[in-house]
Amino acid sequence: MKRKTKIILAILAVILVFCLWYTRPRSFEELAGDGHITSVSISAGIAGNRNGKAYTHAWIVDSNEGRDYVNSGIEDILKSCKYRVSLRSLLPFPSSYSISGKNDILFITIMADMEDGSSFCGSYYGATARLEFDKTVMVQATDKDISEKLLAYAQEFGW
């Protein structure tokens, strides 16, 4: 092989290794840090259209007013699965997800403060999520039912 071909193949190999490393499954702790949640608020909802009528059902859960058990409950759910970071997270402009072809849309929004003083915000749409820590990270949860678990928790403990 020519020298230029070898250089190009080496560069492509480095790019491939970086992409595989960057998109490897990571735990919630690897993304958010090792601290525990000290305060959390969740908004969970289902929206859709049935028989020509639009509807929305929503639940809210927070750890205010002595409901500290919510912190550990949500933390357990978030830490129960791994997340694969999308290569779209490397783009300098914000990415968004479109949801099409579904009758019901499930959406979860989480805002939490961590014990180290940091905070994070998460928007879950099925297994797809947009997590915002010190930077915005687009992820795909390895647990396809993560949003349903968060919704079930919100329905049980929310109002």
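Residue numbers count from 1 along this sequence. All of these numbers come straight from a predicted model, not from anything done at the bench.
Annotation: the span from L151 atom CG to L106 atom CG amounts to 5.0 Å, rounded to 0.5 Å. The CD atom of E75 lies 7.5 Å from the CD atom of E29; values are rounded to the nearest 0.5 Å. How far NZ of K79 is from OG of S72: 10.5 Å, rounded to the nearest 0.5 Å. Taken from CD in E115 to CD1 in I37, the straight-line distance is 10.5 Å, to the nearest 0.5 Å. Atom CZ of R26 is separated from atom SG of C81 by 14.0 Å, given to the nearest 0.5 angstrom. How far CD of E30 is from OH of Y83: 12.0 Å, rounded to the nearest 0.5 Å.
Here the side chain of R84 pairs no donor or acceptor atom with the backbone of Q140 at under 3.5 angstrom. No donor-acceptor pair under 3.5 Å is formed between the side chain of T23 and the backbone N or O of V85. With hydrogens and angles ignored, the 3.5 Å screen pairs a side-chain donor or acceptor of T142 with a backbone N or O of K82. Under the 3.5 Å distance criterion, the side-chain polar atoms of D145 are left unmatched by any main-chain donor or acceptor of E148. Between the S86 side chain and the S89 main chain, no donor and acceptor come within less than 3.5 Å of each other.
Across every non-hydrogen atom of A44 and I108, the tightest pair is CB-CD1, 3.5 Å. Nearest heavy-atom pair across S80 and I146 is OG-CD1, 4.3 Å. Between G158 and V61, the closest heavy-atom pair is CA-CG2, 3.4 Å. When all heavy atoms are compared, the tightest approach of L131 to G122 is CD2-CA, 3.8 Å. Between S147 and G126, the closest heavy-atom pair is OG-O, 2.5 Å. Closest approach of Y153 to I77, counting heavy atoms only: CB-CD1, 3.7 Å.
Using a 30° and 60° split on the angle between ring planes, F120 and F28 fall in the perpendicular class, above 60°. A parallel orientation is assigned to the rings of F18 and Y22, their planes being inclined by less than 30° (bins at 30° and 60°).
Aromatic rings from Y125 and F107 are positioned such that their centres are separated by 6.0 Å or more.
Using a cutoff of 4.0 Å between basic side-chain nitrogens and carboxylate oxygens, D104 and R50 are scored as salt-bridged. A salt bridge does not link R67 with E65: none of the charged nitrogens is closer than 4.0 Å to a carboxylate oxygen.
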(request) Please test D62 against I42 for side chain to side chain contact (heavy atoms under 4.5 Å, CB included), starting from the C-alpha separation and ending with a verdict. (result) CA-CA 6 Å; D62 62 37; I42 298 177; over 6 Å; no
(message) For a side chain to side chain contact (heavy atoms under 4.5 Å, CB included) check, start with the C-alpha distance between M114 and T38, then their side-chain angles and the critical distance, and finish with the verdict.
(response) CA-CA 5 Å; M114 307 297 278; T38 57; 5.8 Å; no
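Looking at heavy atoms from C-beta onward, H57 lies in side-chain contact with Y55 at the 4.5 angstrom threshold. Inter-residue side-chain proximity for I110 and L150 is flagged as met; some heavy-atom pair is nearer than 4.5 Å. Between F157 and Y69, some side-chain heavy-atom pair lies under the 4.5 Å cut-off.
Linking Ile, Leu, Val, Met, Phe, Trp and Tyr residues whenever their side-chain heavy atoms come within less than 4.5 Å leaves M111 and L31 in two separate clusters. Under a hydrophobic-cluster definition in which Ile, Leu, Val, Met, Phe, Trp and Tyr are linked whenever side-chain heavy atoms come within less than 4.5 Å, directly or via other members, F133 and L87 are assigned to the same cluster.
Side chain to side chain, S63 and N71 meet the donor-acceptor criterion of an N or O pair below 3.5 Å.
In this structure, L20 belongs to a hydrophobic cluster whose other members, linked by side-chain heavy atoms under 4.5 Å apart, are L16.
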